[in-house]
Chemist: 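Quick one: the structure is below, and I'll ask about it shortly.
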Amino acid sequence: MLNFKYLITFSIITLLIPSSLSSQIWFDIGLNVGTGTSFITQKEFYQVNQVNFIPKLNNTYSGKLGVNFNDKHSVVLDLGVNNRNFSIDQNEVPGMGISETFRMDFGLSGFRFTPLYRYTNEGSFIELGPEFGRVSSQYINDMNEVANVSVFENYTRGVFGFGGYVLGNERVTLVVGFRIMYDLTELRTSYGKQISFPFYNYNEISNPSRLSALEFQINFELNISLGFLYRNKCGTRTLMFKW
């Protein structure tokens, strides 16, 4: 199912680029490393006093293929691994001491595919597109053990980013960017919703709203342009610094 989504997304993005721009098409490949933090947007976190959200670090690693239609318009295809981490402090847990606080850590990991349209001008860029995540593992560390059943679902996020081509030459460039990502789909499986995760320790908080998160991430991308292999004028970018 996800593969079909990828094909449709890439086809739509490609069709949005006028065919006249493809006269100087070139490719680049690269490695991408990102780190950041998320904020859960589930409304119950901000309506009750028993739980407090604690930001934790997330990280991602991926390979990147860039399809450049000219020096302004391109499609970026990121394929890699995502590690998303969350933490909450629980107070006034039923059956426990009124002054006791218990920390719950939970998260999910898996593969991600992020096809983005990128517009570049004078060495800086903005990018926009979806991210499709497939959950392959999860963890939940809490005072009460959760059944060994998947709580997290495959997800789709919207991605908006901006950044610049900071350092390099016509062949190799270092790109630094900032991405904002928001879950467009429910993060929980049907079992996760059934047990009211992550509020299952509180009987009075039942059927909570959709679990989603807003993530802020800084990215470092090392690019190798393949344009110079067959056309001297392809693959060049405006840089802040050159070596």
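In this text the structure is predicted, and so the values were computed from the model without any measurement.
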Chemist: So, the side chain of E186 versus the backbone of L211: is there a donor-acceptor pair under 3.5 Å, distance only?
Modeler: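 Pair found, side chain donor or acceptor close to backbone of L211.
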Chemist: Between T156 and T185, what is the shortest heavy-atom contact and its length?
Modeler: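 In this case the closest contact between T156 and T185 is N-OG1, 3.0 Å.
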Chemist: Side chains of Q50 and E204: donor-acceptor distance under 3.5 Å anywhere?
Modeler: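 Yes.
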Chemist: Evaluate side-chain hydrogen bond (donor to acceptor under 3.5 Å, both in side chains) for S109 paired with R84, printing each intermediate quantity in order.
Modeler: CA-CA 6 Å; S109 298; R84 304 180 62 181; over 6 Å; no
Chemist: Which atom names give the shortest non-hydrogen contact between P115 and L77, and what distance separates them?
Modeler: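 Minimum heavy-atom separation between P115 and L77: CB-CD2, 3.8 Å.
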Chemist: Can any side-chain N or O of N68 pair as donor or acceptor with the backbone N or O of N70 at less than 3.5 Å?
Modeler: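 Flag not set: sc N68 to bb N70 has no pair under 3.5 Å.
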Chemist: Under the ring pair (Phe, Tyr, Trp, His ring centres under 6.0 Å) rule, collect the residues that match up with F106, sequence neighbours excluded.
Modeler: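 Residues passing ring pair (Phe, Tyr, Trp, His ring centres under 6.0 Å) with F106: F86, F197.
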Chemist: Indicate whether the side chain of D89 and that of T101 have a donor and an acceptor atom separated by less than 3.5 Å.
Modeler: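 Checked: D89/T101 side chains show no N/O donor-acceptor pair below 3.5 Å.
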Chemist: Would a single hydrophobic cluster contain both Y139 and I40, if residues Ile, Leu, Val, Met, Phe, Trp and Tyr are joined by side-chain heavy-atom contacts under 4.5 Å?
Modeler: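 Different clusters.
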Chemist: I need the S62 OG to R112 CZ distance, nearest 0.5 Å.
Modeler: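 Nearest 0.5 Å value for the OG-CZ distance: 4.0 Å.
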Chemist: Between atom CZ of R103 and atom CE of M143, what is the distance when rounded to the nearest 0.5 Å?
Modeler: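 Going from the CZ atom of R103 to the CE atom of M143 covers 13.5 Å.
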Chemist: How far does CG of L167 sit from OG1 of T173, to the nearest 0.5 angstrom?
Modeler: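 The CG atom of L167 sits 9.0 Å away from the OG1 atom of T173.
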Chemist: When you check the gap from the basic side-chain N to the acidic O, do R157 and E215 get nearer than 4.0 Å?
Modeler: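 Looking at E215 together with R157, the answer is yes, because their closest N to O distance falls below 4.0 Å.
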Chemist: Compare every heavy atom of Q90 with every heavy atom of V93, then report the nearest pair and how far apart it is.
Modeler: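 Smallest interatomic distance, heavy atoms only, reads CG2-CB, 3.8 Å.
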Chemist: Would you sort out whether L108 and Y155 count as a side chain to side chain contact (heavy atoms under 4.5 Å, CB included), showing the intermediate values?
Modeler: CA-CA 11 Å; L108 57 141; Y155 59 87; 3.8 Å; yes
Chemist: Quick check: closest heavy atoms across M181 and V159, and the distance to 0.1 Å?
Modeler: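 For M181 versus V159, the nearest heavy atoms are CG-CG2, 3.6 Å.
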Chemist: Treating Q138 as the side-chain partner and V149 as the backbone partner, does any N or O pair qualify as donor plus acceptor under 3.5 Å?
Modeler: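 Such a contact is found between Q138 side chain and V149 backbone.
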Chemist: For the residue pair N49 and N91, what are the closest heavy atoms and their distance?
Modeler: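 It is O-ND2, 4.1 Å.
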Chemist: Does the gap between the ring centers of F45 and F199 come in under 6.0 Å?
Modeler: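 That pair passes the under 6.0 Å test.
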Chemist: Step through the shown structure and confirm whether more than 12 heavy atoms of other residues, nucleotides or ligands are within 6.0 Å of NZ on K43.
Modeler: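 At most 12 heavy atoms, drawn from other residues, nucleotides or ligands, come within 6.0 Å of this atom.
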Chemist: Sort out for me which residue in R118, R179, K64 forms a salt bridge (charged side-chain N to carboxylate O under 4.0 Å, His left out) with D78.
Modeler: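 Answer after filtering R118, R179, K64: R179.
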Chemist: Given side chain to side chain contact (heavy atoms under 4.5 Å, CB included), test N83 with T60 step by step and report yes or no.
Modeler: CA-CA 6 Å; N83 299 301; T60 182; over 6 Å; no
Chemist: Do T37 side-chain atoms and L57 backbone N/O form a donor-acceptor pair below 3.5 Å?
Modeler: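 Answer holds: no.
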Chemist: Report the hydrophobic cluster partners of V33, with the cluster defined as I, L, V, M, F, W, Y residues connected by side-chain heavy atoms closer than 4.5 angstrom, directly or transitively.
Modeler: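 V33 shares its hydrophobic cluster with Y61.
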Chemist: State the CD-OG distance between E127 and S74, to the nearest 0.5 angstrom.
Modeler: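 Separation between the atoms: 8.5 Å.
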Chemist: Side chain to side chain donor-acceptor pair (under 3.5 Å) with Y200: which residues, sequence neighbours excluded?
Modeler: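 Y200: side chain to side chain donor-acceptor pair (under 3.5 Å) contacts with D142.
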Chemist: Quick one: are V67 and I25 in side-chain contact, heavy atoms under 4.5 Å?
Modeler: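 Answer yes - side chains close enough.
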Chemist: Name all residues meeting the ring pair (Phe, Tyr, Trp, His ring centres under 6.0 Å) criterion together with F53; count only those two or more places apart in sequence or in a different chain, and write none if there are none.
Modeler: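 F53: no ring pair (Phe, Tyr, Trp, His ring centres under 6.0 Å) contacts found.
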Chemist: Is there a continuous path of hydrophobic side-chain contacts, each under 4.5 Å between heavy atoms, that joins L31 to L65?
Modeler: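 In one cluster: no.
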Chemist: With rounding to the nearest 0.5 angstrom, report the CG to OG distance, L214 to S38.
Modeler: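 Rounded to the nearest 0.5 Å, the CG-OG separation comes to 7.5 Å.
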Chemist: Is there a donor-acceptor contact under 3.5 Å from the side chain of S137 to the main chain of G110?
Modeler: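 Pair absent, no side-chain N/O of S137 close to backbone of G110.
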Chemist: State whether the side chain of T189 and the backbone N or O of S150 hold a donor-acceptor pair below 3.5 Å, judged by distance alone.
Modeler: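 Such a contact is found between T189 side chain and S150 backbone.
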Chemist: Checking side chain to side chain contact (heavy atoms under 4.5 Å, CB included) for the pair F220/N32: CA distance, chi angles, key distance, verdict?
Modeler: CA-CA 6 Å; F220 300 91; N32 185 299; over 6 Å; no
Chemist: For residues S225 and R171, determine if any side-chain heavy atom of one lies less than 4.5 Å from a side-chain heavy atom of the other.
Modeler: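 They are not in contact (no side-chain heavy atoms under 4.5 Å apart), so the answer is no.
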Chemist: How close do F39 and P55 get, heavy atom to heavy atom, and via which atoms?
Modeler: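 Taking F39 first and P55 second, the nearest heavy atoms are CE2-CG, 3.8 Å.
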Chemist: Is any side-chain heavy atom of V75 closer than 4.5 Å to one of F69?
Modeler: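 When only atoms from C-beta onward are counted, V75 and F69 do touch, with a gap below 4.5 Å.
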Chemist: What residues join I54 in its hydrophobic cluster, counting side-chain heavy atom gaps under 4.5 Å, either direct or through other members?
Modeler: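 Noted: I54 shares its cluster with no other residue.
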Chemist: Can N201 and N144 be said to form a side-chain hydrogen bond (donor to acceptor under 3.5 Å, both in side chains), step by step?
Modeler: CA-CA 8 Å; N201 289 324; N144 292 323; 2.7 Å; yes
Chemist: Tell me if a side-chain donor or acceptor on Q42 pairs with a main-chain N or O of S209 at a distance below 3.5 Å.
Modeler: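 Present.
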Chemist: Taking the side chain as everything from C-beta on, heavy atoms only, tell me whether F160 gets closer than 4.5 Å to Y182.
Modeler: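 Side-chain contact under 4.5 Å: no.
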Chemist: So, D183 side chain and A213 main chain: donor-acceptor pair closer than 3.5 Å or not?
Modeler: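 It does hold such a pair.
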Chemist: Taking the side chain as C-beta and beyond, is there a heavy-atom pair between N223 and V175 under 4.5 Å?
Modeler: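 N223 vs V175: side chains touch.
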Chemist: Could you list the residues that satisfy ring pair (Phe, Tyr, Trp, His ring centres under 6.0 Å) with F162, not counting sequence neighbours?
Modeler: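 With sequence neighbours excluded, F162 shows a ring pair (Phe, Tyr, Trp, His ring centres under 6.0 Å) to F178, given in chain and number order.
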Chemist: Determine whether the side chains of S212 and T41 contain a donor N or O and an acceptor N or O closer than 3.5 Å.
Modeler: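 Their side chains do contain a donor-acceptor pair, which is all the 3.5 Å distance test asks for.
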Chemist: Can you tell if the side chain of V176 reaches within under 4.5 Å of the side chain of Y165, non-hydrogen atoms only?
Modeler: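 No, side chains not in contact.
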Chemist: Centre of F111's six-membered ring, under 6.0 Å away, within 45 degrees of the axis: is that where NZ or CZ of R134 sits?
Modeler: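 Because its charged atom misses either the 6.0 Å distance or the 45° angle limit, R134 does not stack over F111.
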Chemist: Would you say that R188 contacts P208 through its side chain, given a criterion of any heavy-atom pair below 4.5 Å between the two side chains?
Modeler: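 Side-chain contact under 4.5 Å: yes.
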Chemist: Going through the distances and angles, do E131 and N82 end up as a side-chain hydrogen bond (donor to acceptor under 3.5 Å, both in side chains)?
Modeler: CA-CA 11 Å; E131 177 177 286; N82 230 1; 3.2 Å; yes
Chemist: Ignoring hydrogens and geometry, is there a side-chain-to-backbone donor-acceptor pair from T35 to N58 under 3.5 Å?
Modeler: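 Yes, because the side chain of T35 sits within donor-acceptor range (under 3.5 Å) of the backbone of N58.
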